[in-house]
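To start, the structure itself, in structure tokens.
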There are 2 protein chains.
Amino acid sequence: MTRKPAEERRRDLVEAGLRVIAREGMHGATVRAIVAEAGVPLATFHYVFDSRDQMIGEAYAYVVLPRVGEVPTPFSASASPVDAVRGVLHDWVDRFSEHPEYELAVMEIMAYCRRTPSLAHLPGEVQTRYVEIVSTVISAICEQLEVEPQQPLDELSQLVLHVTDGLTYCMLRTGDAAASRRFVEAAAPMLAAAVMGER
Amino acid sequence: MTRKPAEERRRDLVEAGLRVIAREGMHGATVRAIVAEAGVPLATFHYVFDSRDQMIGEAYAYVVLPRVGEVPTPFSASASPVDAVRGVLHDWVDRFSEHPEYELAVMEIMAYCRRTPSLAHLPGEVQTRYVEIVSTVISAICEQLEVEPQQPLDELSQLVLHVTDGLTYCMLRTGDAAASRRFVEAAAPMLAAAVMGER
DNA sequence: GCTCGACTTGGACGCTTGTCCAGGTTCCAC
DNA sequence: GTGGAACCTGGACAAGCGTCCAAGTCGAGC
């Protein structure tokens, strides 16, 4: 086995863990399955992690880690606010449909964290990161369309998060993208109106 | 142990199982924990169920079983459509806040079912039941307010389901009812408009 | 070239898991 | 009262789990 600093091994195992959870679910993500996915011996796991729960926590934090090249803005500068919002949301549905098992994994990890006292605080922190990320997107839209958000960015973000969460939960049950597209159509004007400050 | 027909024992165990999952999560809902909750010996479980997975499936179906006295309509006949929708949604948030662990349990069961081939079809069927239940509520509102739904009931139901799912997922992460109340305020006009047929 | 801390790992520990067998008990129909 | 179906259950099974120890190996700094 090539020698690596512990920090790097941790990241390898976290990424392997996320792959296993996406493929097999939380239930199948045993320590043995994770080290097999990472291609390392069993004992390596507890050299870099105190416990399996600790690794799960780091994996959950990893999914909201800032990575370069994200935050897409799939709309033109000439679009109306409604069209811009619609574009971003449809893009989200597209991405989701490509890898629903990944979002299912994130949901399972969230539920597991809430059930585990030492990890129960994480979902709240992850949500805060979500709000920050969505705020960035909203800012980008407003800047590109040269409009000024008429409400606090955080509150707008939380509105959007409710919408994407609704899409996520529904699509995880059925995989019915058509119904979700209809919801996007209905929700886009509402969100655009919220940004423009109407009530 | 008092003798009971197998069917009744099944229901006892299903209800005990739901209590355990709500309290301890899917992870802690072992066969032994469930029979302890139900107050029956271990071997009783496999007398009435072929497997633990079969019981989980029946428990998931149980949560959308029609029960008498449900489908509340907390709004007055003189209310506007927006107020009626708002009332129903705030009522939902209230109910959720009383027992969030129950909704978390339902989410965990859903995820588990999606991961288990023999149960993977259930979430879709449960969603169909949800749509039926919500349709009943929408019909009741329309009837009481003497308005006619301008779109297919099923589509309206699916819109509402996306909203409640968004509320559920968000509140399970943070327990932040305030943000959810704001979302209800923003979503109510949109849903009312959808019912009245506007676009 | 030696030292020492960092990294690696085979193998085992005690415990819990879902499942199942084989024998016991109850009670209704005749 | 006898037979048999339905219900009950103590106890065991193999398999799998997270965790840990103690010994091994490497490589940078002196």
Side-chain angles (χ1 to χ4, degrees), chain A residues 1-21 23-60 108-109 111-113 115-120, chain B residues 1-21 23-60 108-109 111-113 115-120:
Chain A
M1 183 59 52
T2 56
R3 286 171 89 85
K4 285 188 181 183
E7 196 184 342
E8 199 168 334
R9 272 276 125 79
R10 283 166 89 92
R11 214 198 49 233
D12 289 354
L13 283 167
V14 161
E15 289 174 358
L18 284 172
R19 285 197 300 275
V20 173
I21 299 173
R23 197 191 322 124
E24 324 261 9
M26 199 76 231
H27 186 246
T30 66
V31 173
R32 275 160 240 263
I34 293 167
V35 296
E37 171 76 21
V40 300
L42 176 58
T44 299
F45 190 94
H46 282 90
Y47 177 68
V48 294
F49 293 115
D50 288 343
S51 66
R52 192 188 87 118
D53 283 352
Q54 186 188 65
M55 192 235 85
I56 299 296
E58 294 199 11
Y60 193 36
E108 289 180 86
I109 298 173
Y112 182 84
C113 286
R115 295 298 189 184
T116 307
S118 65
L119 305 176
Chain B
M1 183 60 51
T2 56
R3 285 171 90 84
K4 284 187 182 184
E7 196 185 342
E8 199 169 333
R9 273 274 123 82
R10 283 166 89 94
R11 213 198 50 230
D12 289 353
L13 284 167
V14 161
E15 290 175 356
L18 284 172
R19 284 197 302 275
V20 173
I21 298 173
R23 198 193 320 126
E24 324 260 9
M26 199 75 227
H27 184 66
T30 65
V31 173
R32 275 162 241 261
I34 294 167
V35 297
E37 172 76 22
V40 302
L42 176 58
T44 300
F45 190 95
H46 282 90
Y47 177 68
V48 293
F49 292 116
D50 288 343
S51 67
R52 191 188 88 118
D53 282 351
Q54 187 189 61
M55 192 236 85
I56 299 295
E58 294 199 11
Y60 193 36
E108 291 181 84
I109 298 173
Y112 183 83
C113 287
R115 294 298 189 185
T116 307
S118 65
L119 305 176

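Chain letters run A, B, ... following the sequence lines, proteins first and then strands; every chain starts at 1. Small disclaimer: the values here were computed from a predicted structure and weren't measured.
The heavy-atom pair separating D12(B) from K4(B) by the smallest distance is OD2-NZ, 2.6 Å. Here the closest heavy-atom approach between residue R9(A) and residue T44(A) is recorded as CD-CG2, 3.8 Å. Across every non-hydrogen atom of L13(A) and M55(A), the tightest pair is O-SD, 4.2 Å.
Remark: E8(A) engages no residue in a side chain to side chain donor-acceptor pair (under 3.5 Å) (not counting sequence neighbours).
No side-chain heavy atom of L119(B) sits less than 4.5 Å from a side-chain heavy atom of Y60(B). Side-chain contact between I21(B) and I109(B) is present, with heavy atoms from C-beta onward closer than 4.5 Å.
Taking only side-chain nitrogens and oxygens, Y47(B) never comes nearer than 4.0 Å to OP1 or OP2 of dC8(D).
Note that OG1 of T116(A) and CD1 of I56(A) are 8.5 Å apart. Values are rounded to the nearest 0.5 Å.
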Practice item. Using the salt bridge (Lys or Arg N to Asp or Glu O under 4.0 Å) rule, take R11(B) and E15(B) through it: C-alpha gap first, then chi angles, then the decisive distance, then the call. Key: CA-CA 6 Å; R11(B) 213 198 50 230; E15(B) 290 175 356; 3.6 Å; yes

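Residues of residues 4-19 of chain A having a heavy atom closer than 4.0 Å to DNA chain C, listed by number: K4(A), P5(A), A6(A), R9(A).
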Practice item. Spell out protein contact along nucleotides 14-20 of chain C as letters: B when the base is contacted, S when just the sugar-phosphate is, - when no protein heavy atom is under 4.0 Å; keep the 5' to 3' order. Key: ---BBB-

Point to revise | Reading 5' to 3' through nucleotides 24-30 of chain C, protein heavy-atom contacts under 4.0 Å coded B for base, S for sugar-phosphate only, - for none | key: -BB----

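Rounded to an integer number of Å, the gap from CZ of F49(B) to C1' of dC7(D) is 15 Å.
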List, one per line, each side-chain donor-acceptor pair under 3.5 Å for residues 24-36 of chain B, sequence neighbours excluded.
residue : atom : partner : partner atom : Å
T30(B)  : OG1  : A33(B)  : N            : 3.1

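Within the structure, salt bridge (charged side-chain N to carboxylate O under 4.0 Å, His left out) contacts touching residues 35-60 of chain B (residues at least two apart or in different chains) are R10(B)-E58(B), R19(B)-E37(B), R23(B)-E37(B).
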